[in-house]
Asks: 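The structure follows.
Lettering follows sequence order; numbering is per chain, from 1. Heavy atoms only: backbone and side chains are in, while hydrogens, waters and symmetry mates are out.
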Protein chains: 2
Amino acid sequence: MNPTRTTLSRRDQILREAARLFAERGFHGVGVDEIGAAVGISGPGLYRHFAGKDAMLAELLVGISGRLLTEGKRRVADAAGPEKALDALIRGHIAFAIDDRPLITLHDRELDRLRESDRKLVRQLQRQYVEVWVAVVGRVHPDATEREARSAVHAVFGLLNSTPHLGAEATLPGRAAMSELLRRLALGALDALDSTKDWRVTY
Amino acid sequence: MNPTRTTLSRRDQILREAARLFAERGFHGVGVDEIGAAVGISGPGLYRHFAGKDAMLAELLVGISGRLLTEGKRRVADAAGPEKALDALIRGHIAFAIDDRPLITLHDRELDRLRESDRKLVRQLQRQYVEVWVAVVGRVHPDATEREARSAVHAVFGLLNSTPHLGAEATLPGRAAMSELLRRLALGALDALDSTKDWRVTY
DNA sequence: CGAGGACGTTAGCGGTCGTTAACTGGTTTC
DNA sequence: GAAACCAGTTAACGACCGCTAACGTCCTCG
């Protein structure tokens with residue numbers, strides 16, 4: 001009766017496979033026939049579920065951006081103090097990066113393939129998400145200028161989003177170990193925002 | 001007499017513009033006519049200089065991979081001790097990331113659009129470059145397992161390569177300040193590799 | 001001078017791709 | 001039980017794109 005319980009709806013199947021293919025070969029590198037084949041139907045059958053190829057990408061990017069922002073806000077609100085908030089943001093982002101690898105990849109790679117209106121929406125969501133981070137980082141590391149904090153946040157995103165580049169899972173640490181390692185690296189990077197002036201003068 | 005002194009050769013002009021366009025809109029998203037137009041000739045004129053669109057991408061990716069590796073090896077060889085070597089590697093990578101933004105972007109984004117043989121070559125160069133880093137990181141942070149060091153190196157690459165994502169240069173710190181910030185963040189992240197067991201137990 | 005090569009041009013071919021049209025079988029609904 | 005709808009199918013169209021062919025122009029050099 002309820003197809004969304006354990007089984008994915010056809011629509012969600014399509015989104016899942018499209019995300020994987022777009023991340024692997026790029027938006028322009030994947031044809032609608034391939035997406036269809038990946039869910040067992042062929043080509044134009046997709047148009048029963050989506051207005052077009054662009055619409056699939058738009059839904060994926062708006063979805064991930066919105067979820068990152070919503071979850072980020074929630075975690076900050078639930079945290080007891082800035083340090084805990086920062087840790088919660090990091091943990092949340094890592095969870096996204098590990099569990100939704102294709103989406104994280106698309107999210108900063110194929111944004112420009114969107115229609116103007118969708119692109120503006122996604123960028124706005126991304127900007128708000130960055131603001132959430134910058135505010136927390138600013139409270140944990142008051143020595144840093146806002147500009148430094150903003151650049152550092154982008155850099156930490158790059159660090160946390162590096163998981164997809166680690167091709168095979170074989171040589172990877174397990175999910176928990178990898179998650180913990182990334183968390184430590186991110187916190188370590190941000191700690192370098194303190195004592196700006198005479199940091200590591202020996203070098 | 002020497003066209004490569006102050007002026008770029010036509011070939012290098014093409015490579016430069018192709019890199020910019022590929023980074024902006026993706027390999028499949030750019031047509032040969034656009035690349036031609038960017039250097040003042042039109043479409044098929046490019047085929048006097050390159051065997052095809054693929055050949056341009058191949059030359060770009062092999063070039064950047066090779067230069068990263070060569071320069072990295074050189075810097076390690078010239079450094080007095082592991083700490084200095086690590087700092088030199090970081091500085092070198094930052095210089096690439098800031099000065100050759102499009103190439104750094106392409107380098108981890110469009111690798112799969114290459115012919116099998118070129119792809120193998122680029123991957124091999126990339127792997128060797130990672131090995132150079134892992135060896136140095138292993139000596140500076142002996143507590144870390146090799147697996148941790150390898151993952152950390154990839155993560156630091158993600159951190160350092162985040163510059164392209166900072167769209168406008170307006171809100172950015174200047175080149176020197178940005179470079180210094182990235183360096184501190186990278187060193188800070190890697191410092192978190194020490195004292196693995198009971199790191200930040202308060203969280 | 002005159003031949004050859006370097007470097008362009010435009011026209012057009014062949015293939016691919018996103019999308020639409022027309023149609024079909026199965027399930028729901030009154 | 002017929003009507004309506006849902007979820008697919010195949011065929012085909014129009015646009016685009018990488019690349020080749022054929023041709024032109026200028027510079028170089030024996």
Asks: Ignoring hydrogens and angles, tell me if any N or O in the side chain of A:R150 forms a donor-acceptor pair with the backbone of A:E131 under 3.5 Å.
Replies: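 Side chain of A:R150 to backbone of A:E131, a donor-acceptor pair under 3.5 Å: no, none is there.
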Asks: Give the rounded distance in Å between these two atoms: CG of A:D54 and C1' of C:dT19.
Replies: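 Between C1' of C:dT19 and CG of A:D54: 11 Å.
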Asks: Do side-chain atoms of B:R75 reach the backbone of B:A88 as a donor and acceptor pair under 3.5 angstrom?
Replies: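 Yes, B:R75 side chain to B:A88 backbone: donor-acceptor pair under 3.5 Å.
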Asks: Separation of A:I14 atom CD1 from D:dC6 atom P, in whole Å?
Replies: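 Taking atom P of D:dC6 as the reference, CD1 of A:I14 is at 16 Å.
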Asks: If you assign each of A:L46 and B:G52 to its closest nucleotide in DNA chain D, which residue comes earlier from the 5' end?
Replies: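 The 5'-side residue here is A:L46.
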Asks: Give the ring-plane orientation class for A:Y129 versus A:H93, where under 30° counts as parallel, over 60° as perpendicular and anything between as tilted.
Replies: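 Because their plane-to-plane angle is under 30°, the rings of A:Y129 and A:H93 count as parallel.
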Asks: Nearest-Å distance, CZ (B:R11) to P (C:dC7)?
Replies: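 Answer to the nearest Å: 11 Å.
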Asks: Give a yes or no on whether the backbone of A:R67 and the side-chain of A:T70 come within a donor-acceptor separation of less than 3.5 Å.
Replies: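 No: the side chain of A:T70 does not pair with the backbone of A:R67.
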Asks: Write down the atom of B:L114, the atom of B:R119, and the distance for their closest heavy-atom approach.
Replies: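 Distance-wise, the nearest heavy atoms are O-NH1, 2.9 Å.
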Asks: Dot-bracket notation for DNA chain C is requested: 5' to 3', Watson-Crick or G-U wobble pairs only, both distances under 3.5 Å, with ( ), [ ], | and . as defined.
Replies: ||||||||||||||||||||||||||||||
Asks: Give me the atom names and distance for the closest heavy-atom approach of B:L182 to A:A155.
Replies: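 Answer, listing the atom of B:L182 first, then A:A155: CD2-CB, 4.2 Å.
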Asks: Starting the side chain at C-beta, find the nucleotide from D:dC19, C:dC23, C:dG18 nearest to A:K53.
Replies: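 Nearest to the side-chain atoms of A:K53, counting from C-beta on, is C:dG18.
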Asks: Under 3.5 Å, side chain of B:E24 to main-chain N/O of A:D112, donor-acceptor pair present?
Replies: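 Pair absent, no side-chain N/O of B:E24 close to backbone of A:D112.
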Asks: So does A:E116 pair up with A:K120, basic N to acidic O under 4.0 Å?
Replies: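 No, A:E116 and A:K120 are not salt-bridged.
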Asks: Taking only side-chain nitrogens and oxygens of A:R10, does any of them come within less than 4.0 Å of OP1 or OP2 of D:dG8?
Replies: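 For A:R10, the contact criterion (side-chain N or O under 4.0 Å from OP1 or OP2 of D:dG8) is met.
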Asks: Of the listed nucleotides (C:dT20, C:dC7, D:dT20), which one gets closest to any side-chain atom of B:R48?
Replies: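 From the listed options, C:dC7 comes nearest.
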Asks: On DNA chain C, compare the nucleotides closest to A:Y47 and B:G45; which residue's is nearer the 5' end?
Replies: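 With A:Y47 and B:G45 compared, the 5'-side residue is B:G45.
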Asks: With the threshold set at 4.0 Å, does a side-chain nitrogen-carboxylate oxygen contact exist between B:R16 and B:D12?
Replies: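 Salt bridge between B:R16 and B:D12, a charged N being under 4.0 Å from a carboxylate O: no.
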Asks: Quick check on contacts: within residues 16-42 of chain B, what sits under 4.0 Å from DNA chain D by heavy-atom distance?
Replies: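 B:V30, B:G31, B:V32, in order of number.
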Asks: May I have the distance from A:F50 (atom CZ) to C:dT19 (atom C1'), rounded to whole angstrom?
Replies: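 In whole Å, C:dT19 C1' and A:F50 CZ are 16 Å from each other.
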Asks: Distance check needed: D:dA7 C1' versus A:Q13 CD, whole Å only.
Replies: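 Computing the A:Q13:CD to D:dA7:C1' distance gives 13 Å.
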Asks: Would you kindly give the CG-to-C1' distance between A:L57 and C:dC17, to the nearest whole Å?
Replies: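 Going from A:L57 (CG) to C:dC17 (C1'), I get 17 Å.
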